[in-house]
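Worksheet for the structure shown next.
So that the names make sense, note that chain A is the first sequence line, chain B the second, and so on, each numbered from 1.
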Number of protein chains: 2
Amino acid sequence: MKTISRKEEIIQVASRLFYEKGYKTVSMRDIATAMDIKAASLYNHINGKQEILSEIILKVAEEFTVGMENVVSEKISAIEKVEKVIEMHIDITVNYSEALAALNNDWMHLEKSNLSAFVKMREDYEENFRKIIKQGIEMGEIKAHHPEVILFSILSTLRTLYLWYQKRGKLDMNILKRDMVAVLIKGLI
Amino acid sequence: MKTISRKEEIIQVASRLFYEKGYKTVSMRDIATAMDIKAASLYNHINGKQEILSEIILKVAEEFTVGMENVVSEKISAIEKVEKVIEMHIDITVNYSEALAALNNDWMHLEKSNLSAFVKMREDYEENFRKIIKQGIEMGEIKAHHPEVILFSILSTLRTLYLWYQKRGKLDMNILKRDMVAVLIKGLI
DNA sequence: TAACAAAACTAACGCTTGTTAGTTAGAAAT
DNA sequence: ATTTCTAACTAACAAGCGTTAGTTTTGTTA
């Protein structure tokens with residue numbers, strides 16, 4: 001019976017506020033008020049605002065990194081890999097929709113090693129995706145459009161999925177996966 | 001020979017800074033420093049920070065509104081309308097790429113009438129786009145996937161185009177239009 | 001050259017920010 | 001019953017924020 005720590009609670013509340021108003025707009029006093037305590041009390045559990053941000057972002061970034069590595073290592077066609085990536089994005093979106101706002105909009109407010117770690121993960125992720133697409137084109141599975149256009153088009157849709165997920169409520173995720181995969185992939189083949 | 005006013009210069013510099021760091025992160029002193037003057041001097045030309053933001057955002061929002069109305073009023077097929085919308089987005093992205101960062105990320109920091117005007121324009125825009133897609137499905141031009149999935153997928157790609165445009169430099173826009181239209185549309189038909 | 005307007009300046013205001021120091025209340029462990 | 005630990009508190013700090021008031025510089029027009 002695992003109960004969530006006070007620190008995790010802070011991170012959870014902060015995620016929601018960052019989602020609603022953005023990292024820079026949310027003050028430590030805002031976070032504290034939302035928990036019915038004083039701002040100074042937060043520092044019994046966390047080292048500072050920056051730590052809250054980096055924990056939110058890096059945790060999800062690692063999920064993406066691991067998920068992508070799993071897909072890459074599978075012995076399936078390029079198109080099937082793209083399908084798996086799309087499904088992974090949808091799964092992560094469902095589980096971390098609020099954290100994704102910070103990841104997408106506030107990553108540039110990370111500092112030093114956290115910032116460079118994030119940027120590296122994102123670059124590696126994109127590079128893996130790019131390779132899948134290029135491979136698919138070489139094998140004749142994917143139409144030979146500019147690979148960057150394909151990459152960008154899919155990635156931008158997946159990255160903003162969190163916005164849409166919240167707005168529409170929990171439309172059945174299986175329906176979403178099926179239609180999203182169809183719409184994104186049928187343009188490629 | 002129209003020369004740009006000091007106010008327009010402020011808005012231009014602010015757009016660049018907002019693009020790089022976001023509205024909340026950029027201070028009036030940052031904007032002033034970038035122009036080699038003091039913060040207080042800005043107020044000889046503009047009424048406040050909020051006015052800078054609203055001028056940047058609403059100008060582009062109106063471009064989109066007008067562009068969409070033009071497309072809607074044309075007597076062409078639904079698919080051709082979608083093509084026109086995509087091309088319009090690319091054109092606006094080229095001409096206003098920095099302003100689009102504020103429009104996408106900082107619109108929620110607009111106040112009162114500016115905020116509601118923006119939200120209305122955005123809702124109308126989406127509704128027009130939705131109608132085009134539904135009409136295309138009814139006429140059998142567009143495959144009968146969930147219309148919201150199609151709308152979201154195209155719109156999220158177009159809305160984040162500004163990020164990609166800056167990064168890749170001025171890849172020939174005609175090539176971009178052709179490939180982007182192909183990738184986004186071929187999934188629909 | 002004197003008058004005027006535009007656009008810069010200095011100085012300061014009240015407020016909010018993230019954060020620190022030191023203290024206190026209550027529960028758990030000895 | 002006493003110590004220890006946890007997690008809250010009050011009070012305050014220095015720095016930064018958007019903005020205002022009043023003044024000086026600069027360039028143009030009468």
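- Distances shorter than 4.0 Å separate none of the side-chain N or O atoms of R29(B) from OP1 or OP2 on dT19(D).
- For the pair K38(A) NZ and dT17(C) C1', the interatomic distance rounds to 16 Å; values are reported in whole Å.
- K84(B) NZ: 12 or fewer foreign heavy atoms inside a 6.0 Å radius.
- Against DNA chain D, the stretch residues 39-47 of chain A makes heavy-atom approaches under 4.0 Å through A40(A), S41(A), N44(A), H45(A).
- The CD atom of E51(A) sits 14 Å away from the C1' atom of dG18(C) (whole-angstrom rounding).
- Computed from coordinates, the I37(A) CD1 to dT10(D) P distance equals 12 Å when rounded to whole Å.
- When rounded to the nearest whole Å, the span between CE of M35(B) and C1' of dA7(C) equals 11 Å.
- Cation-pi geometry between K24(B) and Y23(A) is not satisfied (NZ or CZ under 6.0 Å from the ring centre, within 45° of the ring normal).
- The main-chain N or O of M88(A) is never found under 3.5 Å from a side-chain atom of D91(A) such that the two would form a donor-acceptor pair.
- At whole-Å resolution of the value, CD in E8(B) and P in dA7(C) are 13 Å apart.
- Nucleotide dA15(D) holds its C1' atom 14 Å from the CG atom of D30(B), rounded to whole Å.
- Taking 4.0 angstrom as the limit, S27(A) places none of its side-chain polar atoms (N or O) nearer than this to OP1 or OP2 of dT16(C).
- In this structure, K120(A) fails the cation-pi test against Y125(A), since its NZ or CZ atom is not both closer than 6.0 Å to the six-membered ring centre and inside 45 degrees of the ring normal.
- For dG18(C), one of the phosphate oxygens OP1 or OP2 lies less than 4.0 angstrom from a side-chain nitrogen or oxygen of K49(A).
- The interatomic distance linking I31(A) (CD1) with dT19(C) (P) rounds to 10 Å, in whole Å.
- Between the CD atom of E111(A) and the C1' atom of dT19(C) there is a distance of 14 Å, given to the nearest Å.
- Residue-environment remark: CE (M108(B)) exceeds the threshold of 12 foreign heavy atoms within 6.0 Å.
- Not a single donor-acceptor pair under 3.5 Å links the side chain of N114(B) to the backbone N or O of S54(B).
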